[in-house]
J.: 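This structure is in structure tokens; I'll ask about it shortly.
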Amino acid sequence: MASLTGAWAQPAPSINSGGIVNAASSAPGAPVAPGSIASVYGNFLLSAPSWALGIPLPTNLGGLSLAFGAVEAPLLYASSGQVNLQIPWELAGQPPAVTATLAGQTSAPQTVNLAPFAPGIFSMNGQGTGPGAILDSSYHLVTASNPAAAGITVILIYCTGLGAVTNQPETGAAAPSNPLAVTITKPSVTIGSVPAQVLFSGLAPGSVGEYQVNALVPSNAPTGDAVQVILSIGSATSNAVEIAVQPPTPDQRADQLLTQMTQDQKIQLVYGAVGTATAASTRGGAGWVPGIPQLGIPDLYLADGSVGVGNGVGPATALPSSIASAASWDVSEAYKYGSVIGAELRAYGMNVNLGGNVNLIGREPRDGRTFETKGEDPILAGKITAAHINAIQAQHVIGGIKHFALNDQETGRTTADVRIDERGMRESDLLAFEIGVKDSNVQSVMCSYNLVNDVYACENQHLLNDILKGDWQFPGFVMSDWGATHSTVAAALAGLDQEQPDNAFFGSLAQAVASGQVPQSRLDDMVHRILRAMYATGLFDYPAAITPIDTTGDQAIAQDAEEQGAVLLKNAGGQLPLNAAAAKSIAIVGSHADVAVLSGGGSAQVTPTGGPALTEGYPCPPCWAQVIWDPSSPLQAIRAMAPNATVQFDPGTNPATPAALAAASQMAIVFVSQWTSEGMDLPSLNFTDAIHSPPIDQDALVAAVAAANPHTIVVMENAGAQVMPWLGSVSAVLEAWFPGQRGGEAIANILFGAVNPSGKLPITFPASVNDLPRPVIATPPDSTTPFPVDYSEGFNVGYKWYDSQGFTPLFPFGFGLSYTTFSFSNVAVVNNPTSGNPNFQVTFKLTNTGYVAGAEVAQVYLAFPASTGEPPKRLVGWQKVFLQPGAAEQVTIEVDANDSSHPLSYWDVNSNAWLIAPGVYTVYLGNSSSSASLVTAGTLQIGS
Ligand code: BGC
């Protein structure tokens, strides 16, 4: 019997019953496997914790050892309550019991639940739950801040208990790194319950008892911050730990696909193949890039679409002009407009849109493409364009913005060399592009035909690399306008990513890369940009499905766009709206108003659903674009509004007969029209007739009718700014733009007051062409020699130009009448200059003081301190507000200094950055840019 006298007897160490657990999963009672790491809990009587300092692991820490029969276990860590150890490999097949020995005393044995496989994944909390010790291939933990990309990321799962391995190290020795020790039995991995491909399973090189399993996160794995990862071998299943999984970014997907591509396949994507195409393969669009079926890369079908589906792809909804969309001053209306273009392109299987014309033609309002653009102000134009593009890309069609940059006249467009200073372009045309790019995530940019400061736009390093891809971080691809590429190496190095429509220059790109003139990395970048655009807009995930277009729904939007965008310019004596009940006889004159409304020509030309009402040849210039009249009859729509009136039509080809009809009628409505097209500029801003030879003198026609009847209303179907020598003699003028194929109905609704007009001019109507920055359009000496077009007006485009020159326009930018009246009251500017944040708000009460419901566009203009040299005022914000008669609304317009439009900044050429100048700013509020319609809302003191 042991003596209890004398010295105090040291107790023996003990191991808890069932106290041996898998160190990774920590599951009580769960088995452990030979070679893996286990934790043993008990009372080990150590006064201080002790760690293994190296490999091979010791079998004794602080005097403590644990043994499985005769085999001592390698120890990683020992404390008074816990020991971490490796289950010796030698135990395979033996029913073991474990004992702990300290200072010559040994614990009672505890049975170990041993199995060939006991998978456990190490977790970050040591409890076997929550985020796991799972890394990406850059050895970063895969957590919410570093999510795995589904289908792309290979995760490294650190675990234990996967059983025997090849090349097995001795117990306690480091896993070999060459050759690796691979598990004899491969585990299965599920990620969010979806089986994952296992790429490697073996011991983690250089460590003891730890395994590494590499698995590809499945593309159909669920996404989120807590997606469970589970390992299993047969029925032995690990604990579940969590990783974060996100869908792969377009850039990740593009990079992955790029690794699988041959050089020939890469080259195939960087130019159009129209020359080798059949009508079926191009689907009738303007361009085609064949896909690579082996890699699942779809064909690119490129089609114009500024005012509806262009290029005669098929009958499509002819929307009113883009400039009419801008005249709505309403980005949600503009989004609906874009959605028609996107949906119909998609219905025709087109997946790249060549729309987004944001050239600031206010510099040159005679530009034949004015109808495709969004007016003269960079902010309004940029925001409306962004809305169109957002809507188009939402339909899984790659959006486009063009023509980059400063392509503001058609005369000599392929050789015009625009000369402009850096600040001038940054604050005008380029600003419209910058807003369009940044606010829409647009995926393609079309570089233009012209030169900018002596360099062709499509090989202009400054425009493409420095500004677009550098300053603005544009991630998509740059394509050339059709035939606007002039070189292989220079263009590729300057930032052109895709030549269209053929391979005149990029056909030699492979040789240029092989010879080192163009780095391989640049070719890879081109392809990456094209692929990422395709991924970003869903071309891979939502393949085109050719379907019928929604004619009814889309035409309703077309009509709405016209009703929101038409601008009432004159309404003397309340001539409008017409009283249907009182109308007895109406003369309708001119512009085929009996059957049709006019549309603009060129690549943006839409073939209207139902077919053209009328075509009128191919005027020269441009000599290649057909005149198409959309099928919508103002005459019929007016007759429907005034069923009791006699409504008669005169074609207006001879001024004498309509004057007689007008004299015999209660009122006359004269439709004047001005056809314009890509490939031409107008000779003047009068209603010259570009269609007929000899031309019909429509100005004389209006004058004759107005002389015969004082109740003469003029409806204009034209692209942009006009002069109106007859303005003083007519009672009302409605700017209908090219009104689209529901234009007749929209015009009738406005004339009779079913719709109250609310459009505002997005372009100034000057009093005379003599007031333009260039009264005479610069013309080329021949078809090949670049010729200068001097933009000495710089950023003074549109109203900024007329303001700076003190010219009073015929109708100012932002102007448009309503059938009701509005008042602004309680106008104030709110900001907190001490916060260091120059953002400000303009607050006011807007009241509908008239008798019918209507919408007003409240516009905020800012005058900068004189020291900045900015134009007299700049549009910085607006809001369109709809009010019932007598109703009032408290409105706040926020001007955010950080907005993509840089509303408070000027471009500083020294620091090459947008800067906010200190000084006093004056804030104006009103309903047009004319000083007479603005009130001073307040001043802002910025800085000292
Ligand atoms: C026009 C582009 C158009 C392209 C394809 C060119 O002539 O300038 O705007 O996208 O043709 O039709």
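Keep in mind that what you see is a predicted model, and the values were worked out from it rather than measured. Atoms within each ligand, like the ligands themselves, are counted from 1 in listed order.
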J.: Who pairs with Asp466 by side chain to side chain contact (heavy atoms under 4.5 Å, CB included), at least two apart in sequence or on another chain?
T.: Gln461, His462
J.: Please name all residues satisfying salt bridge (Lys or Arg N to Asp or Glu O under 4.0 Å) with Lys383, sequence neighbours left out, ordered by chain then number.
T.: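 Applying salt bridge (Lys or Arg N to Asp or Glu O under 4.0 Å) to Lys383 gives Asp439, Asp899.
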J.: Using the six-membered ring wherever Trp is involved, compare the ring planes of Trp737 and Phe765 and label them parallel, tilted or perpendicular (cut-offs 30° and 60°).
T.: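 Answer is perpendicular, since the angle exceeds 60°.
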J.: Just to be sure I understand the cut-off, which residues have at least one non-hydrogen atom under 4.0 angstrom from an atom of ligand 1?
T.: Ala286, Asp304, Asn311, Leu354, Arg369, Lys402, His403, Arg413, Met446, Tyr449, Asp481, Trp482, Ser603, Glu678
J.: Answer yes if the side chains of Thr317 and Gln741 hold a donor-acceptor pair under 3.5 Å, and no otherwise.
T.: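 Absent: no donor and acceptor within the cut-off.
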J.: Please name all residues satisfying side chain to side chain contact (heavy atoms under 4.5 Å, CB included) with Ser632, sequence neighbours left out, ordered by chain then number.
T.: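 Ser632: side chain to side chain contact (heavy atoms under 4.5 Å, CB included) contacts with Val597, Glu745.
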J.: Taking the ring centre of each residue, are Tyr449 and His403 less than 6.0 Å apart?
T.: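 Centroid distance Tyr449-His403: not below 6.0 Å, so no.
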